[in-house]
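Below is one structure, written out as structure tokens, with a few remarks after it.
Computed from a prediction, not measured in an experiment: that's the story for all the values here. In what follows, every chain begins at residue 1, and chains take the letters A, B, ... in the order their sequences are listed.
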Protein chains: 2
Amino acid sequence: MATIRDVARYANVSTATVSRVMNRNGYADAETSRRVKEAIEQLDYRPNDVARSLFKGRSGMIALLVPDITNPFFPELARAVEDKTNLNGYSFVLCNTDNDVAKQLNYLNALQQKSIDGFIIVSSSLTPDNMQSLQVPAVALDRVISPSMPSVTVNNRSGARQAVDHLKAIGCRRIAHVAGLEYADNAAQRMRGYLDAVKQEDWFDSRYIVSGAYHFNQAQEAVETMLSNNPDIDGIFAGNDMMGAGVLHAAASLGKRIPDDLAVVGFDGIALSETVTPALTTMTQPIYDMGAKAADMLINQIETADSTVMTEEFNVQLAERESTLRKAATNEQ
Amino acid sequence: MATIRDVARYANVSTATVSRVMNRNGYADAETSRRVKEAIEQLDYRPNDVARSLFKGRSGMIALLVPDITNPFFPELARAVEDKTNLNGYSFVLCNTDNDVAKQLNYLNALQQKSIDGFIIVSSSLTPDNMQSLQVPAVALDRVISPSMPSVTVNNRSGARQAVDHLKAIGCRRIAHVAGLEYADNAAQRMRGYLDAVKQEDWFDSRYIVSGAYHFNQAQEAVETMLSNNPDIDGIFAGNDMMGAGVLHAAASLGKRIPDDLAVVGFDGIALSETVTPALTTMTQPIYDMGAKAADMLINQIETADSTVMTEEFNVQLAERESTLRKAATNEQ
DNA sequence: TTGTAGGCGTTATCAA
DNA sequence: TTGATAACGCCTACAA
């Protein structure tokens, strides 16, 4: 690898001049400039970014911490962040944390030793205290970590309420809920939205809420049990799409037809919701936009040292699909 | 941030001594060593990795290039690579290339400027020539790039053949194929495997092969057309699971029952294949193991400068699920 | 307009 | 057993 010194020698100038020409700052004679560019070309010189980082104290890298990229909600988020960081000349580091606090702190430290420029963090386990050790900007994504930290989220509570209202609108009389991870902020909000919509109903019963821990299998099992014990349930709001798919399987194994015996609404709008049969009605989050927005906010913070704490809440949107498309009922409305 | 000099001052020693104590190399008096550790503790000193990288010429980072992390095959691969790299003290960089040659070369260059230690590459567009500019070790994953480059793949051809044989075994008489991306090496192999199994059959007709470009929608549309024109098709081998899901939708919209009217086998074994209804029979790849193996091979190359070109081919395995579980036929076998 | 020289933080060589 | 010092490759006062 050629260094700046090689280029300088080749062009018969000093390294300072090469640097100036290369970075277009400071004066440079047209002829000198030409010689330098020629030399760069000839030697196929490319500046060493590590040396640059050392000098500048910034590495041009941005990290995204997610619980598990294998969870289908995160790839689209990651893609958005990567696209944006890349577009702005940054490199993209991905970290799977399993929501483990130690792992997260580990990454935070290790990457700061690499002069990382900023973090985007999806976490339901980090506390505001944990953020104290951060020396660089960070944005919380999908889940709030601390009120004093910028964040990008969705209206989980009112979105959940909309989902349940939709089930009511198509004629459901007994609506149950499969809840997500207990300690996750967004799961709690979605349950609250469900309660907003049903707790006044005379049929409401706390046994209509079961936990699926955001997982396909657990949701399927929990729902099979619940449906067996409460055969009059005719609508289910699942806290996310994976669990929605679990509900579809549970229904199938009990011989319930969807949507006529049982209507289902999910939450998230991941690709899976469309590929499942019947296609799953869901509250779609603008996942890509959320990731992109978080990246924008972070880059803005990095480059302008603007420290106002921005907070962005996106709206979810109902995507009506087969799992709630009742031939008769929809016309009735 | 405290530097090694701060520590040296605090402990009344030279930076050289601090470095030796910190890295446990070279002699160090017990008492001196204690003082240095004390100083490190007190000042909460953490070595600057960028400076280290500059000196060593290696950054401790490994990059994975994939076409699109949004494609459900890649997250598990990425997770495996991240786990392994991390376990070995490396950081993990993820790059989405869209299989675009320019983007890929861009990443290759940019990351080498950052003294990246090695690459794992999933690509069906890079040529052996493109690999010339590589100054660091690289491993091809899922698809071969050059015979002179280490690679981790699966037995696409014989796996595909197994899939078709399974369809025959459960009683299918007219078996069609939805093929993947034309220019992808693995798609070609899978089609070849399909042909191995059917081209001697008297019913075989080249119209039984349609392209789905590895996509859900395209597969669905192509198969709807094909099934309408050839109602006697009773089995379909899809080149991947996404397209398998598309086939299920096509069948549903034509009122064909699965598996009795139409049996379906996919390829890949991504999570989707289990969550779809009916669950999709598929040839499962050991995705996580493949990623882990590629990472192992790469790290080994990096750390031992061992340049023998290893090649690893994993075997796919049939996972029988509902989409081929014919009540009558399976017993007949 | 250009060059000299010092520094970014670490490591390794060599002398003491 | 320890310390001075010269790299690693780049950038930017400052001087010329």
Side-chain angles (χ1 to χ4, degrees), chain A residues 1-37 39-40 43-61 89 109-117 135-136, chain B residues 1-37 39-40 43-61 89 109-117 135-136:
Chain A
M1 268 292 190
T3 75
I4 198 173
R5 251 185 287 274
D6 300 326
V7 176
R9 249 192 304 272
Y10 192 99
N12 254 307
V13 296
S14 73
T15 60
T17 300
V18 175
S19 175
R20 278 189 296 254
V21 170
M22 180 167 61
N23 301 310
R24 294 180 189 64
N25 81 47
Y27 304 89
D29 183 78
E31 164 59 12
T32 319
S33 177
R34 203 197 50 69
R35 281 214 321 278
V36 169
K37 284 174 182 159
I40 289 179
L43 301 175
D44 190 27
Y45 164 71
R46 285 166 234 169
N48 179 319
D49 269 335
V50 177
R52 281 186 163 168
S53 295
L54 179 57
F55 181 85
K56 307 216 174 199
R58 323 191 305 107
S59 66
M61 299 191 309
N109 284 325
L111 291 171
Q112 284 185 100
Q113 289 182 234
K114 287 194 180 306
S115 298
I116 193 108
D117 291 0
Q135 312 280 346
V136 296
Chain B
M1 268 293 193
T3 75
I4 198 172
R5 252 185 285 274
D6 300 326
V7 175
R9 247 192 305 273
Y10 190 100
N12 255 307
V13 295
S14 73
T15 60
T17 301
V18 175
S19 176
R20 277 189 299 257
V21 170
M22 180 167 63
N23 301 311
R24 293 181 188 67
N25 79 45
Y27 304 89
D29 182 79
E31 162 59 11
T32 320
S33 177
R34 202 197 50 69
R35 280 213 322 278
V36 169
K37 283 175 184 158
I40 289 178
L43 301 176
D44 189 28
Y45 165 71
R46 286 165 232 172
N48 179 320
D49 269 335
V50 177
R52 281 185 163 170
S53 295
L54 178 58
F55 184 86
K56 305 218 173 194
R58 321 191 307 108
S59 66
M61 299 191 310
N109 283 326
L111 291 170
Q112 284 185 102
Q113 291 188 39
K114 289 194 178 308
S115 298
I116 193 108
D117 291 1
Q135 311 281 345
V136 296

Seminar exercise, completed: For nucleotides 9-16 of chain D, 5' to 3', base contacts (B), sugar-phosphate-only contacts (S) and non-contacts (-) with protein non-hydrogen atoms under 4.0 Å give BSBB----
For this session: Could I get the full list of salt bridge (charged side-chain N to carboxylate O under 4.0 Å, His left out) partners for B:R5, not counting sequence neighbours?
Result: none
Exercise. How large an angle, rounded to 10°, do the end axes of the helix from C:dT1-D:dA16 to C:dA16-D:dT1 enclose when each is built from five base pairs?
Worked result: 50°
Exercise. Under the 3.5 angstrom rule, does the side chain of B:K114 hit a backbone N or O of A:S59 as a donor-acceptor pair?
Worked result: yes
Problem set entry | B:Q112 side-chain N/O to B:Q135 backbone N/O, donor-acceptor pair under 3.5 Å | yes
Exercise. Who are the side-chain contact (heavy atoms from CB on, under 4.5 Å) partners of B:E31, not counting sequence neighbours?
Worked result: B:D29, B:R34, B:R35
For this session: Please identify each residue that fulfils side-chain contact (heavy atoms from CB on, under 4.5 Å) with B:Y10, with sequence neighbours left out.
Result: B:A39, B:Q42, B:L43
Between atom [atom1] in [X] and atom [atom2] in [N], what is the gap in whole Å?
X: B:N12; N: D:dG3; atom1: CG; atom2: C1'; answer: 13 Å
X: B:D29; N: D:dG3; atom1: CG; atom2: C1'; answer: 15 Å
X: B:D6; N: C:dG7; atom1: CG; atom2: P; answer: 15 Å
X: A:R35; N: C:dT1; atom1: CZ; atom2: C1'; answer: 12 Å

Exercise. Considering only heavy atoms from C-beta outward, does the side chain of B:R20 approach that of B:N25 to under 4.5 Å?
Worked result: yes
Exercise. Are any of the side-chain heavy atoms of B:M22 and B:I4 separated by less than 4.5 Å?
Worked result: yes
Using a 3.5 Å cut-off and no angle test, enumerate the donor-acceptor pairs between side-chain atoms of residues 50-57 of chain A and protein atoms at least two apart in sequence or in another chain.
from  : atom 1 : to    : atom 2 : distance (Å)
A:R52 : NH2    : A:N23 : OD1    : 3.2
A:S53 : OG     : A:D49 : O      : 2.9
A:S53 : OG     : A:R58 : O      : 3.3

For this session: Mind checking A:V13 for me? I need base, sugar-phosphate or nothing, with any heavy atom below 4.0 Å counting as a touch.
Result: sugar-phosphate
